[in-house]
Visitor: 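Shown below is the structure under consideration.
Starting from 1, each residue takes its place in the sequence as its number. These figures come from a predicted structure and were not determined experimentally.
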Amino acid sequence: MTPHPAAPAASARPRRPVLRIVFAAALVAAFCCFMALGIWQTQRIGWKDALIARVEARLHAEPVDPPAPARWSSITAEDDEYRRVRLRGEWLDVAPARTQAVTELGAGWWLLSPLQTGSGEIVLVNRGFVPSGAEPVALPSGPAEVVGLLRLPEVGGGFLRNNDPAADRWHSRDVGAIAASRGLPAGRVAPYFIDAAHDPARAGWPRGGLTVVKFRDHHLQYALTWFGMALLTLVAGACLIVLERRFRHHRGLSSEEASNDQPRVER
């Protein structure tokens, strides 16, 4: 009686198809995600270009009246920031706030003072830049007019440091906190501030007109990165198919060799 060859030991072979299916499904999911992110970034390119165009138009437009209190709750960066406005009123006899600044003129401070309009609203005006060690000129008395850019508050702080209202130490132009520290009535303080334009007729400090209007626009770079990742998943999928075919071919040859090596029993 010819003994039967021993059965092959249990192996992980039955699990290999499952693992390959899971890996292939993961590649498909990753490819779809990367493509979606790339398409989203290409859409963001159009959005950013439109935003830059709107801001450029505002910067060169004639100054308009600032938003009235009825509009304060609906002010947004996309619709209102960097709009040229004209304020008329009188400066309040309140100590200005100095917020840390770094400009093309060096390190120093922005100087913010409250101006009360004829209708009673109070707007914080960034009168301009004062270098470290310099002193600003006194505020003029009587009616005042300011032309500048509408800006939204910089809440919390800046330069990796928080504002300290108790010590009157400011690292950002936080309108609400500055107004509260000066005892200004919250309901009458506008939820924005104005960056005053440069007035060549005014000597000394502060100096206005140093607002830097610059938008980060890396959406094309991000889009190419995501599309590149999608391409890599396709390459990985192609490698998986090639390896799978080689594995099947090698397994087929091994089975054929094993069959040829079996002893033949002559009867």
Side-chain angles (χ1 to χ4, degrees), residues 41-91 96 99-106 108-119 121-131 136-137 139-140 143-155 158 172-175 178 189-222:
Q41 287 296 337
T42 58
Q43 294 171 343
R44 296 278 292 177
I45 293 173
W47 169 82
K48 183 59 69 68
D49 289 343
L51 174 62
I52 293 173
R54 285 197 301 271
V55 171
E56 286 292 330
R58 294 172 194 167
L59 293 175
H60 299 94
E62 289 297 315
V64 297
D65 292 335
R71 271 210 63 221
W72 285 358
S73 62
S74 61
I75 291 175
T76 63
E78 186 173 347
D79 294 333
D80 299 286
E81 194 160 28
Y82 300 110
R83 189 179 302 280
R84 289 187 74 207
V85 298
R86 187 189 306 275
L87 286 174
R88 293 183 179 90
E90 291 188 3
W91 298 106
T99 66
Q100 190 173 0
V102 177
T103 71
E104 60 186 22
L105 301 178
W109 312 90
W110 298 120
L111 199 68
L112 277 75
S113 296
L115 183 144
Q116 182 171 299
T117 67
S119 54
E121 293 84 33
I122 299 173
V123 181
L124 280 181
V125 176
N126 174 20
R127 294 160 54 200
F129 176 74
V130 180
V137 298
L139 277 169
E145 179 176 287
V146 175
V147 174
L149 301 177
L150 186 149
R151 303 292 307 281
L152 296 186
E154 302 161 344
V155 178
S172 70
R173 292 164 288 190
D174 188 335
V175 170
I178 293 174
V189 178
Y192 54 83
F193 65 93
I194 303 298
D195 273 347
H198 176 55
D199 185 357
R202 183 175 301 169
W205 304 102
R207 183 175 300 178
L210 296 180
T211 306
V212 176
V213 182
K214 187 176 181 180
F215 295 94
R216 295 179 58 189
D217 191 4
H218 302 311
H219 298 299
L220 177 59
Q221 176 184 340
Y222 296 153

Visitor: Residues two or more places apart in sequence or in another chain: which of them pass salt bridge (Lys or Arg N to Asp or Glu O under 4.0 Å) with Glu145?
Guide: Arg86, Arg88
Visitor: Is the backbone N or O of Arg58 less than 3.5 Å from a side-chain atom of Arg83, with the two atoms forming a donor-acceptor pair by type?
Guide: no
Visitor: I'd like to check Thr99 versus Asp174 (side-chain heavy atoms, cut-off strictly below 4.5 Å). Are they in contact?
Guide: no
Visitor: Might you point out which heavy atoms bring Pro191 and Leu152 nearest each other, and give the distance in Å?
Guide: O-CD2, 4.4 Å
Visitor: How long is the gap from CD on Glu90 to OG1 on Thr117, to the nearest 0.5 Å?
Guide: 11.0 Å
Visitor: Compile the donor-acceptor pairs under 3.5 Å between side chains in residues 64-73 and protein atoms, sequence neighbours left out, one pair per line.
Guide:
{"unit_1": "Arg71", "atom_1": "NH1", "unit_2": "Asp80", "atom_2": "OD1", "d": "3.2"}
{"unit_1": "Arg71", "atom_1": "NH2", "unit_2": "Asp80", "atom_2": "OD1", "d": "3.0"}
{"unit_1": "Arg71", "atom_1": "NH2", "unit_2": "Asp80", "atom_2": "OD2", "d": "3.1"}
{"unit_1": "Trp72", "atom_1": "NE1", "unit_2": "Pro67", "atom_2": "O", "d": "3.1"}
{"unit_1": "Trp72", "atom_1": "NE1", "unit_2": "Ala68", "atom_2": "O", "d": "3.4"}

Visitor: To the nearest 0.5 Å, what is the distance between CD1 on Ile194 and CG on Leu115?
Guide: 10.0 Å
Visitor: Do Leu210 and Trp110 have side chains that get closer than 4.5 Å, going by heavy atoms?
Guide: yes
Visitor: Just wondering, do Val85 and Tyr192 contact through their side chains at under 4.5 Å, heavy atoms?
Guide: no
Visitor: Once side chain to side chain donor-acceptor pair (under 3.5 Å) is applied, do any residues pair with Asp79, and if so which ones, sequence neighbours excluded?
Guide: Thr76
Visitor: Provide the closest heavy-atom pair for Arg207 versus Leu105 in the form atom of the first, atom of the second, distance.
Guide: NH1-CD1, 3.9 Å
Visitor: Salt bridge (Lys or Arg N to Asp or Glu O under 4.0 Å) with Arg173: which residues, sequence neighbours excluded?
Guide: Glu154, Asp195
Visitor: Does any non-hydrogen side-chain atom of Asn126 lie less than 4.5 Å from one of Thr211?
Guide: no
Visitor: Using the test salt bridge (Lys or Arg N to Asp or Glu O under 4.0 Å), find all partners of Glu121 that sit at least two apart in sequence or belong to another chain.
Guide: none
Visitor: If I compare all heavy atoms of Gly106 with all of Phe129, which pair ends up nearest, and what's the gap?
Guide: O-CZ, 3.3 Å
Visitor: Restricting to non-hydrogen atoms, name the atom on Ser172 and the atom on Ile178 that form the minimum distance, rounded to 0.1 Å.
Guide: O-CD1, 4.4 Å
Visitor: List the residues meeting side-chain contact (heavy atoms from CB on, under 4.5 Å) with Pro153, not counting sequence neighbours, and say none if there are none.
Guide: Val155, Val175
Visitor: Can you sort out the partners of Gln100 under side chain to side chain donor-acceptor pair (under 3.5 Å), two or more places apart, ordered by chain and number?
Guide: Arg161, His171
Visitor: Leu139: what forms a side-chain contact (heavy atoms from CB on, under 4.5 Å) with it, not counting sequence neighbours?
Guide: Trp91, Ser113, Arg127
